[in-house]
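Reading through the structure tokens given below for one structure.
First the proteins, then the strands, lettered A, B, ... as listed; each starts at 1. What's counted below: heavy atoms across the whole structure, side chains too, no hydrogens, waters or symmetry copies.
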There are 2 protein chains.
Amino acid sequence: MDKIKIVLADDHQILLDGLKSLFEKQEAIDITGIYNNGADLFEGINDTMPDIAIVDINMPGLNGLELTLKIKKEFPAVKVIVLSMFDDIVHIMQLIKAGASAYLFKNISNAKLLEAILEVEKGNTYFPAEVSAKIAAFTRSEKSKQYEIPAPALTSRELQILKLIALEYSNSKIADTLFISERTVETHRKNMLRKTNHKNMVGLLKYVFDNHLI
Amino acid sequence: MDKIKIVLADDHQILLDGLKSLFEKQEAIDITGIYNNGADLFEGINDTMPDIAIVDINMPGLNGLELTLKIKKEFPAVKVIVLSMFDDIVHIMQLIKAGASAYLFKNISNAKLLEAILEVEKGNTYFPAEVSAKIAAFTRSEKSKQYEIPAPALTSRELQILKLIALEYSNSKIADTLFISERTVETHRKNMLRKTNHKNMVGLLKYVFDNHLI
DNA sequence: TAAAAAATACCTGAAAAATGGTATTTTAAT
DNA sequence: ATTAAAATACCATTTTTCAGGTATTTTTTA
């Protein structure tokens, strides 16, 4: 049987070392590339020819989501396992949609990580209980509440205004800053609250921070 | 020469593995304990008799700050090296005040980690450039702006109310929830804004989220 | 080149939050 | 036992935000 060829990308050196020493003990696994960022992994992919790419979600430059999208577009046969420190549904859904085969938290045990690799290698997906629970809860709430916020759906102009609001700018100050009318700012505010189903900016900002959207 | 005795606490198994394999290669270092949380490390400290404790800042139960405070109170000879994913000044200052000898980000290289261990073992402190820069910038801004917010200084009651505000509770609803008067809620709000120097709750909440205070 | 989406702008009234006070009681620390 | 800090409460005024519209222009996408 061929060994499972794996490439790694993570900007945490210690964590890479941990993975390396774990996989070196495994007969069935062959590490063909280790990188500190997503761009390098992607560039090397023609040489490393991996079966599986294990990628951090939070890397400088090309991050885990962008990397996954590029990999699945150019090399759809390469499976992607995401290692994440974020447990929010927005990230989870984004990566699943991007084509990740597994979404694991970094506090996963070695045994489960190997389990995930074997599952993914077979062509299956692997989502630990915590992640499945989040997905299930999200699906339920979406159905029952008629929500439609998988994508945060904020436009770039809205995000721009949101950032100023977060900096404690009043509507009139925002209007002055962006050279638009105060009425327009009010409208953007209103639209953001409506489309994200929030009562006020404090709640919206919390949502945005919780989901690392800014 | 005696080996440097080190204990580790981190809830990320992969990272622990990385540290373990790194230290096992080092002649001068002896790992006397590995734990997945702070409480276990503290309990074992009489048996492990470490020179240095390397602790994660973000652990379930007893977190890095609490652990550091307890260690420095009960076993002041034990040096603490903090491994953190947070680069905010509030955490840095808190840990320094708690008596940590080094504050390192998790993307540190192996070489620098070993460097830090040797420095700390000698009784010195070790703060990488990024951290020093933050401390310096903070010190400067503090002096120039007459600010006095090193400690966020929010009381537990205030934090409790802040969390409800973040959940979009109105003052009257908070009052009902906590069985206090709406006036009291207003006062708490006012006090929080005053002591943190913010214009409104959106700004305060941003500060709180940025600094992982909730 | 239509059609859809985003950005612009105005209005009114209601609700909520912020400002700037004062003041008492309770709890924690010295 | 005293002090200091925290939690409680009230009030009047101003400012800001929210909710509910409608409507035009610009930009993007199919």
Side-chain angles (χ1 to χ4, degrees), chain A residues 69 145-209 213-214, chain B residues 66 69-70 73 94 97-98 147-209 213-214:
Chain A
L69 286 168
K145 286 190 186 173
Q146 311 304 89
Y147 268 46
E148 44 184 311
I149 40 156
L154 293 184
T155 69
S156 60
R157 190 58 153 177
E158 286 169 343
L159 274 175
Q160 186 184 22
I161 288 170
L162 195 54
K163 282 175 195 166
L164 295 178
I165 292 171
L167 291 175
E168 308 194 322
Y169 280 45
S170 68
N171 284 350
S172 70
K173 224 175 146 193
I174 294 171
D176 288 350
T177 307
L178 301 179
F179 304 108
I180 55 176
S181 148
E182 209 175 319
R183 306 285 153 263
T184 306
V185 181
E186 283 172 12
T187 302
H188 282 303
R189 234 185 159 112
K190 191 167 36 176
N191 289 339
M192 284 189 270
L193 291 181
R194 185 183 37 71
K195 69 164 78 168
T196 62
N197 260 95
H198 282 97
K199 224 179 144 291
N200 54 40
M201 279 297 146
V202 162
L204 173 54
L205 257 297
K206 186 183 182 309
Y207 164 78
V208 165
F209 286 126
L213 300 179
I214 289 195
Chain B
E66 295 160 341
L69 286 168
K70 286 190 80 167
K73 195 179 171 195
Q94 278 180 337
K97 279 187 187 164
Y147 268 48
E148 43 184 313
I149 40 156
L154 294 185
T155 68
S156 60
R157 189 58 154 178
E158 286 169 342
L159 274 175
Q160 186 184 22
I161 288 170
L162 196 54
K163 283 174 195 166
L164 295 178
I165 292 171
L167 292 174
E168 309 194 320
Y169 280 44
S170 68
N171 284 350
S172 69
K173 224 175 145 193
I174 294 172
D176 288 350
T177 306
L178 300 179
F179 304 108
I180 55 177
S181 146
E182 209 176 319
R183 309 283 152 262
T184 306
V185 182
E186 282 173 12
T187 303
H188 282 302
R189 238 185 156 112
K190 189 167 39 178
N191 288 340
M192 283 189 269
L193 290 180
R194 185 183 36 73
K195 70 165 75 167
T196 62
N197 259 95
H198 282 97
K199 224 180 143 290
N200 54 41
M201 279 297 145
V202 162
L204 173 53
L205 258 295
K206 186 184 181 313
Y207 164 78
V208 165
F209 287 126
L213 299 179
I214 288 195

Between [X] and [N], is there a contact of a side-chain N or O with OP1 or OP2 at under 4.0 Å?
| X | N | answer |
| --- | --- | --- |
| B/S156 | D/dA6 | no |
| B/R189 | C/dA17 | yes |
| B/T155 | D/dA7 | yes |
| A/N171 | D/dT17 | yes |
| B/R157 | D/dT8 | yes |
| B/T184 | D/dA9 | yes |

Open item on the list: If you define the side chain from C-beta out and look only at heavy atoms, does anything of B/R157 sit under 4.5 Å from B/L178?
Closed with: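 A side-chain contact under 4.5 Å exists here.
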Open item on the list: Are the side chains of B/I161 and B/R189 in contact, using a 4.5 Å heavy-atom criterion?
Closed with: no
Open item on the list: Side chain of B/I180, heavy atoms from C-beta onward: which of D/dT17, C/dA17, D/dA9 has the nearest atom to it?
Closed with: D/dA9
Open item on the list: Please pick, from C/dA9, C/dT19, C/dA17, the nucleotide with the shortest atom-to-atom distance to any side-chain atom of A/S181.
Closed with: C/dA9
Task: Qualifying salt bridge (charged side-chain N to carboxylate O under 4.0 Å, His left out) pairs, either residue in residues 169-184 of chain A, two or more places apart - done: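 For residues 169-184 of chain A, and leaving out neighbouring residues, the salt bridge (charged side-chain N to carboxylate O under 4.0 Å, His left out) pairs sorted by first residue read A/R183-A/E186.
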With sequence neighbours left out, what residues match [X] under side-chain hydrogen bond (donor to acceptor under 3.5 Å, both in side chains)?
| X | value |
| --- | --- |
| A/S181 | none |
| A/T177 | none |
| B/T184 | none |

Sub-3.5 Å pairs of nitrogen or oxygen atoms, protein against nucleotides 11-13 of chain D:
none

Open item on the list: Over the length of the helix from C/dT1-D/dA30 to C/dT30-D/dA1, how much do the five-pair end axes diverge, rounded to 10 degrees?
Closed with: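 Rounded to the nearest 10 degrees, the bend comes out at 80°.
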[X] has an atom [atom1]; how far is it from atom [atom2] of [N], in whole Å?
| X | N | atom1 | atom2 | value |
| --- | --- | --- | --- | --- |
| A/E158 | C/dT8 | CD | P | 10 Å |
| A/Q160 | C/dA6 | CD | P | 15 Å |
| B/I165 | C/dA15 | CD1 | P | 20 Å |
| B/N191 | C/dA17 | CG | P | 16 Å |
| A/K173 | D/dT15 | NZ | C1' | 15 Å |
| B/I161 | C/dA18 | CD1 | P | 13 Å |
| B/N200 | D/dC18 | CG | P | 10 Å |
| A/I174 | C/dA9 | CD1 | C1' | 16 Å |

Task: Residues B/M201, B/L193; criterion side chain to side chain contact (heavy atoms under 4.5 Å, CB included); working and verdict - done: CA-CA 7 Å; B/M201 279 297 145; B/L193 290 180; 3.9 Å; yes
- [ ] For B/E182 and for B/K199, locate the closest nucleotide of DNA chain D by heavy-atom distance; then report the residue assigned to the nucleotide nearer the 5' terminus.
- [x]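 Nearest-nucleotide comparison on DNA chain D picks B/E182.
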Open item on the list: With side chain to side chain contact (heavy atoms under 4.5 Å, CB included) as the criterion, how do A/K195 and A/L154 come out once you've worked through the C-alpha distance, each side chain's angles and the decisive distance to 0.1 Å?
Closed with: CA-CA 8 Å; A/K195 69 164 78 168; A/L154 293 184; 3.9 Å; yes
Task: Nearest heavy atoms of A/V202 and B/A166, plus distance in Å - done: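 Closest pair (atom of A/V202, atom of B/A166, distance): CG1-CA, 3.6 Å.
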- [ ] Grab the two heavy atoms, one from A/V185 and one from A/N171, that are nearest each other, plus how far apart they are.
- [x] CG1-OD1, 3.5 Å
